[in-house]
Amino acid sequence: MTKLTLHIKFRFALIIVSLFSVFVSSHAQVVAEAQMDTTSILIGQQVRVRVKCSANSNQKIDFPYFQPQQELTHGVEVVYNSQLDTLRLNDGKRIQLTRYYTITSFDSAVYKLPPFQIKVDGKTYATRGSLGLKVNTVEVDTTHVDKFNGPHDVIDQPFEWSWQMLLLALGALVALCVALAIGIRLSDPRLITRRVVIHPPVPAHVTALKDIDHIKKNPAADSKLYYMELTSTLRTYIEKRFGFSAREMTTSEIIEHLNQDGNEEAINELKSVLVTADLVKFAKHSPSLPEQDRNLVQALDYVQSTKLQPQQLPQPRVEYQSLSNKQQIVWRNIMRVLLVLLTALFIALTAYNLWLAYSTFA
């Protein structure tokens, strides 16, 4: 055999091997497979079949599409065809398409599902492996056919909130909120203050009316002492009410000062009382009991007619006073201890509540 003949045979064999490897590789590039969620259902239940195909990104892939209630095999029908899910692999060189088929059956039996036929560039590929589906019937009490209840409903989870767990959760929430509030206050560099309500002094007319009532119920036996008490009450009232030193003034000076305010009728009543008191003290005048009673009523009327109205009275005011350095340290230490205790309480209550919740599933 000549060398030329051997060379021709070698080249021919090389061509055959190359064509065979291309053929094998082209077939190996397409992978089709199917998988079910479960292999056993009750009559009327549904199960999904996932069909997946991988090929080169430049190849055209066609999945089968079933009409609603179209049988996949005798006794098993397709309910729904999902949209195609696309996934690109190997930097876009490969493509993987996935479609889900929802199937069901109304006859109890064991079914062997046929492979799904997928076309890639016009060539048909069947999914690998075989799928089996067992459809179970619902157990029926043949002795009490009239009491057939069908399949069981979905069973609820055994977990439920008990009153104890609710209280623990509420306690943990309260502890957390208080701990957060204390933590925020501790992080604030401002001094700790306390709220103080400052009440205004007792109105002048209240004290005067109380003193006049006391004079009325306990009149002095001596008329001079009686008028000294009555005028002292009036002078103190005038000083507090109008803001001038009435206790150090004569009757004429007081009347002159009050005339600037203009209440002439009230001033005349006051003048009558003060003039009578001056006569008793300096001229040894001896007033009768009716005259003393009339002067008492005049003093009472003067206070009532000149007193401040409720809307004119000063109102309580609120002030915030800083605590001393020692008190600042004490209160901050107390808040730190409370913060630690409340944090520990929150962790303990939460952990115990989680343990109770976990134990309900055990």
Asks: Looking only at heavy atoms, what is the nearest atom pair of Y302 and E269, with distance?
Replies: N-OE1, 3.8 Å
Asks: Between D37 and R48 (salt bridge meaning N to carboxylate O under 4.0 Å), is one present in this structure?
Replies: yes
Asks: Assess whether a salt bridge exists between D222 and K224, defined as any Lys/Arg side-chain N lying under 4.0 Å from an Asp/Glu carboxylate O.
Replies: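 A salt bridge is absent here (no side-chain N lies under 4.0 Å from a carboxylate O).
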Asks: Report the C-alpha distance between L191 and Q328 in whole Å, list the side-chain angles of each, state the deciding distance to 0.1 Å, and finish with yes or no for side chain to side chain contact (heavy atoms under 4.5 Å, CB included).
Replies: CA-CA 7 Å; L191 296 177; Q328 296 282 343; 3.6 Å; yes
Asks: L258 and F244: side chain to side chain contact (heavy atoms under 4.5 Å, CB included), yes or no, with the steps?
Replies: CA-CA 10 Å; L258 290 175; F244 62 90; 4.0 Å; yes
Asks: Could you pull out the closest heavy-atom pair between A277 and T231, with the gap in Å?
Replies: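 For A277 versus T231, the nearest heavy atoms are CB-CG2, 3.2 Å.
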Asks: Atom CG in L339, atom CZ in R185: separation rounded to 0.5 Å?
Replies: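 Rounded to the nearest 0.5 Å, the CG-CZ separation comes to 13.5 Å.
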Asks: S57 side chain to G92 main-chain N or O, any donor-acceptor pair under 3.5 Å?
Replies: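 Answer holds: yes.
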Asks: Sub-3.5 Å donor-acceptor pair from the side chain of Q70 to the main-chain atoms of Q67, do we have one?
Replies: yes
Asks: Kindly give the heavy-atom pair with the smallest separation between M249 and S245, and that separation in Å.
Replies: CG-O, 3.2 Å
Asks: Can you list the steps and then say if L342 with L176 is a side chain to side chain contact (heavy atoms under 4.5 Å, CB included)?
Replies: CA-CA 7 Å; L342 289 171; L176 177 62; over 6 Å; no
Asks: If you draw a 6.0 Å radius around NZ in K281, do more than 12 non-hydrogen atoms from other residues or ligands fall strictly inside?
Replies: yes
Asks: Check for a donor-acceptor pair, side chain of D188 on one end and backbone N or O of R190 on the other, with a separation under 3.5 Å.
Replies: yes
Asks: Should we count CD of Q327 as having more than 12 external heavy atoms under 6.0 Å?
Replies: yes
Asks: Looking only at heavy atoms, what is the nearest atom pair of G171 and L349, with distance?
Replies: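 Between these two residues, the closest heavy atoms are C-CD1, 3.7 Å.
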Asks: Will you find, in the side chains of N56 and R94, an N or O donor that is under 3.5 Å from an N or O acceptor?
Replies: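 Yes, because at least one side-chain N or O of N56 sits under 3.5 Å from a partner of the opposite role on R94.
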Asks: Would you say the side-chain atoms of S105 pair up with the backbone N or O of V76, donor to acceptor, closer than 3.5 Å?
Replies: no
Asks: Which atoms form the tightest heavy-atom contact between N295 and T276, and what is the distance?
Replies: OD1-CG2, 3.5 Å
Asks: Identify the heavy atoms of K60 and D62 that sit nearest to each other, and give their distance.
Replies: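 So the two residues come closest at CE-OD1, 3.7 Å.
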Asks: Tell me which pairs pass ring pair (Phe, Tyr, Trp, His ring centres under 6.0 Å) where either residue lies in residues 85-108, with sequence neighbours left out.
Replies: F66-Y101, Y101-F116
Asks: Is it the case that more than 12 heavy atoms not belonging to R332 sit under 6.0 Å from its CZ atom?
Replies: yes
Asks: Would you check, one step at a time, whether the test side chain to side chain contact (heavy atoms under 4.5 Å, CB included) holds for F242 with T306?
Replies: CA-CA 10 Å; F242 297 102; T306 58; 4.2 Å; yes
Asks: Look at the side chain of R235 and the backbone N and O of A246, then say whether any donor-acceptor pair between them is shorter than 3.5 Å.
Replies: yes
